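Taking it in order: structure first as structure tokens, then the write-up.
For clarity, every value in this text was computed on a predicted model and none was experimentally measured. Just so you know, these numbers use all the heavy atoms, side chains as well, and skip hydrogens, waters and symmetry mates.
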Amino acid sequence: MDAAADNRPASPAVQGARVETATGLSRLVLFAGLVVVVVFAALPSFAGREAVQNLIFVFYMLALAEMWNLLAGYAGLVSVGQQAFVGLGGYLLFASAIMAGIDPLVAIPLAGIGAGLAALIAAPVIFRLRGAYFAIGTWVVAEVWRLIFAQIRDLGGGTGMSLPTSVVNSLPGLHAIRELFDVRIPAARDILDYWVALAIAVLAIAAAYAVLRSRLGLALSAIRDSEAASGSAGVNNFRTKLLVYVFTAVGTGMVGALIYLQKARISPDSAFSVLDWTAYVIVIVVIGGIGTLEGPIVGVLVFYLLQTYLADYGTWYLILLGALAIAVMLLAPYGLWGFVARRFGLVLLPVRRRLVLPKDPTM
């Protein structure tokens, strides 16, 4: 190759090119999202207690779905053992509040860190497994934790325990909320839990969005497309998966701490329930659209509506929920949001990078 060619200046178009992720629509969606968050934050001032409690459920299921979607939809790590981190988060909150006297709100992030450390310890073992074996391995890890906590008498053993009233009613800001909204302590506690749940849900979406727009997000996309190709391109597959696994464990642990702070009672069977904290989450993501940030939002709304109007039908509710999930997988393999996005080319939260060339001033 001619040496002089290497020193040629880049063309004006290449010099002015830039890489963008955001679009005009995504900026509008971001602004609308901020408005929605403000409205939700003010909702306890005009909504009843039942609505507040229902939205707490929606928010923490949304956060769990976003974490599982980041793990399975982007890293390709299909886990059926995320209930391990929900249970760990709940039990670490109880242990911190009862045994160490730590404020429960402070214990929520500490519980998330504890769940992350547990994931870090288990990762070298379960990451030796692939595919269905990895999924089963995560379930086994969750069962091990369930059996361990069932033997700890100070935390209620197999029957579980409740948070003392003195702990539940001493949350910071509780009396201020009671005076501001003119409600009793239980309702004030629901409002405080509601705000924490809203904050965690928003944080889960924002954190997942930030991760996917970072270099780590590029590595995840490469791993999802082809693990062999990503490795040959210089991606450290093990480290990337480990970071995402620990990251989602921290988020899931924080959600678990919030769930059992609201419930104020915990037991091994409920805290480590695969149906409540993993199976339902998988259904939410599958219905909404795996591998998209918008999918879990759509999925959790559908799931909430189904649970609200069909839960009274007992086992028929589970049959209908499963039938809907199967129908979506057959008719819309990318989920409801995936179908809409592909049909109309609609992306509200873009994470893909686009090369934008400057306009030619001579044209």
Determine, stepwise, if the pair Q83 / S273 fulfils side chain to side chain donor-acceptor pair (under 3.5 Å).
-> CA-CA 6 Å; Q83 68 274 14; S273 170; over 6 Å; no

Residue pair I287 / A325: nearest heavy atoms and the distance that separates them = CG1-CA, 4.3 Å

Matching residue for V286 among V283, I282, I284, I290 - test: side-chain contact (heavy atoms from CB on, under 4.5 Å) | I282

Kindly determine whether Y209 and R213 satisfy side chain to side chain contact (heavy atoms under 4.5 Å, CB included), including the steps that lead there.
-> CA-CA 6 Å; Y209 190 39; R213 293 185 61 175; 3.3 Å; yes

Quick one: do L34 and L349 end up in the same hydrophobic cluster if we chain Ile, Leu, Val, Met, Phe, Trp and Tyr together by side-chain heavy atoms under 4.5 Å apart?
-> no

Less than 4.5 Å apart, any side-chain heavy atom of L275 and any of Y280?
-> yes

After noting the C-alpha distance and the side-chain angles of Y245 and F127, does the key distance pass the ring-ring contact (aromatic ring centres under 6.0 Å, His included) rule?
-> CA-CA 10 Å; Y245 186 63; F127 274 29; 5.4 Å; yes

Measuring from L71:CG to T138:OG1, what's the distance to the nearest 0.5 Å?
-> 8.5 Å

Specify the closest pair of heavy atoms between A207 and F247, including all atoms of both residues, with the distance to one decimal.
-> CB-CZ, 3.5 Å

Side chain to side chain contact (heavy atoms under 4.5 Å, CB included) between W68 and T248: does it pass, once the steps are laid out?
-> CA-CA 7 Å; W68 189 86; T248 56; over 6 Å; no

Provide the closest heavy-atom pair for A201 versus L62 in the form atom of the first, atom of the second, distance.
-> CB-CD2, 4.4 Å

Joint hydrophobic cluster, L77 plus V125, side-chain heavy atoms closer than 4.5 Å = no

In Å and rounded to the nearest 0.5 Å, what is the CD to OG1 distance from Q82 to T252?
-> 5.0 Å

Roughly how far, to the nearest 0.5 Å, is the CD atom of E66 from the CD1 atom of I205?
-> 5.0 Å

Donor-acceptor pair, side chain of N69 and main chain of V285, under 3.5 angstrom = no

Do I185 and H175 come within less than 4.5 Å of each other through their side chains, counting heavy atoms only?
-> yes

Which is it for F40 and V37 under the side chain to side chain contact (heavy atoms under 4.5 Å, CB included) test, yes or no, and what are the steps along the way?
-> CA-CA 5 Å; F40 273 128; V37 170; 5.7 Å; no

Between the CD1 atom in I200 and the CD1 atom in I108, the distance rounded to the nearest 0.5 Å is 5.0 Å

Is there side-chain contact between F272 and Y91, with at least one heavy-atom pair below 4.5 Å?
-> yes

Closest approach of L258 to Y60 (non-hydrogen atoms, all atoms of both residues) = CD2-CB, 4.5 Å

hydrophobic_cluster_shared for I121 and F85, side chain cutoff 4.5 Å = no

Check whether any side-chain heavy atom of L25 lies under 4.5 Å from a side-chain heavy atom of L348, and answer yes or no.
-> yes

Would you please classify the geometry between the F59 ring and the Y194 ring as parallel, tilted or perpendicular, with 30° and 60° separating the classes?
-> tilted

Lys/Arg cation over aromatic F181: R178, 6.0 Å, 45° cone | no

ILVMFWY network linking V39 to L30, side-chain heavy atoms under 4.5 angstrom | no

Verify the cluster assignment for M99 and V106: are they in a single hydrophobic cluster under the rule of side-chain heavy atoms below 4.5 Å apart?
-> no

P186 and R49, any side-chain heavy atoms less than 4.5 Å apart | yes

Without hydrogens or angle criteria, can the side chains of D193 and Q262 be said to hold a donor-acceptor pair below 3.5 Å?
-> no

Can R342 be said to sit on top of Y334's aromatic six-ring, NZ or CZ under 6.0 Å from centre and within 45° of the ring axis?
-> yes

To the nearest 0.5 Å, how far apart are CG in L93 and CD1 in I266?
-> 8.0 Å

Within a reach of under 6.0 Å around OH of Y317, are more than 12 heavy atoms found that belong to other residues, nucleotides or ligands?
-> yes

Is F46 atom CZ crowded by more than 12 heavy atoms from other residues, nucleotides or ligands, each under 6.0 Å away?
-> yes

How about N54 and Y304: does a side-chain donor come under 3.5 Å of a side-chain acceptor?
-> yes

Any sub-3.5 Å donor-acceptor pair from T159's side-chain atoms to G156's backbone N or O?
-> yes

Pair L70-L212, side chain to side chain contact (heavy atoms under 4.5 Å, CB included): steps then yes or no | CA-CA 9 Å; L70 185 62; L212 293 174; 3.8 Å; yes

Is the closest side-chain heavy-atom distance between L261 and L105 below 4.5 Å?
-> yes

Identify the heavy atoms of I297 and V300 that sit nearest to each other, and give their distance.
-> O-CG1, 3.3 Å

Taking all heavy atoms of A111 and all of G89, pick out the closest pair and write down the distance.
-> CB-O, 3.4 Å

Pairwise side-chain contact, Y74 with V211, heavy-atom cut-off 4.5 Å (strictly under) = no

Does V140 offer a backbone N or O that forms a donor-acceptor pair with the side chain of W145 under 3.5 Å?
-> no

Can you measure from CE (M61) to CZ (F303) and round to the nearest 0.5 angstrom?
-> 5.0 Å

Using only heavy-atom distances, determine whether the side chains of N237 and S230 contain a donor-acceptor pair under 3.5 Å.
-> yes

Donor on one side chain, acceptor on other, E294 and W337, under 3.5 Å = yes

Flag yes if more than 12 heavy atoms outside R265 fall under 6.0 Å of its CZ atom; otherwise flag no.
-> yes

For the residue pair D154 and I98, establish whether any side-chain heavy-atom pair is separated by less than 4.5 Å.
-> no

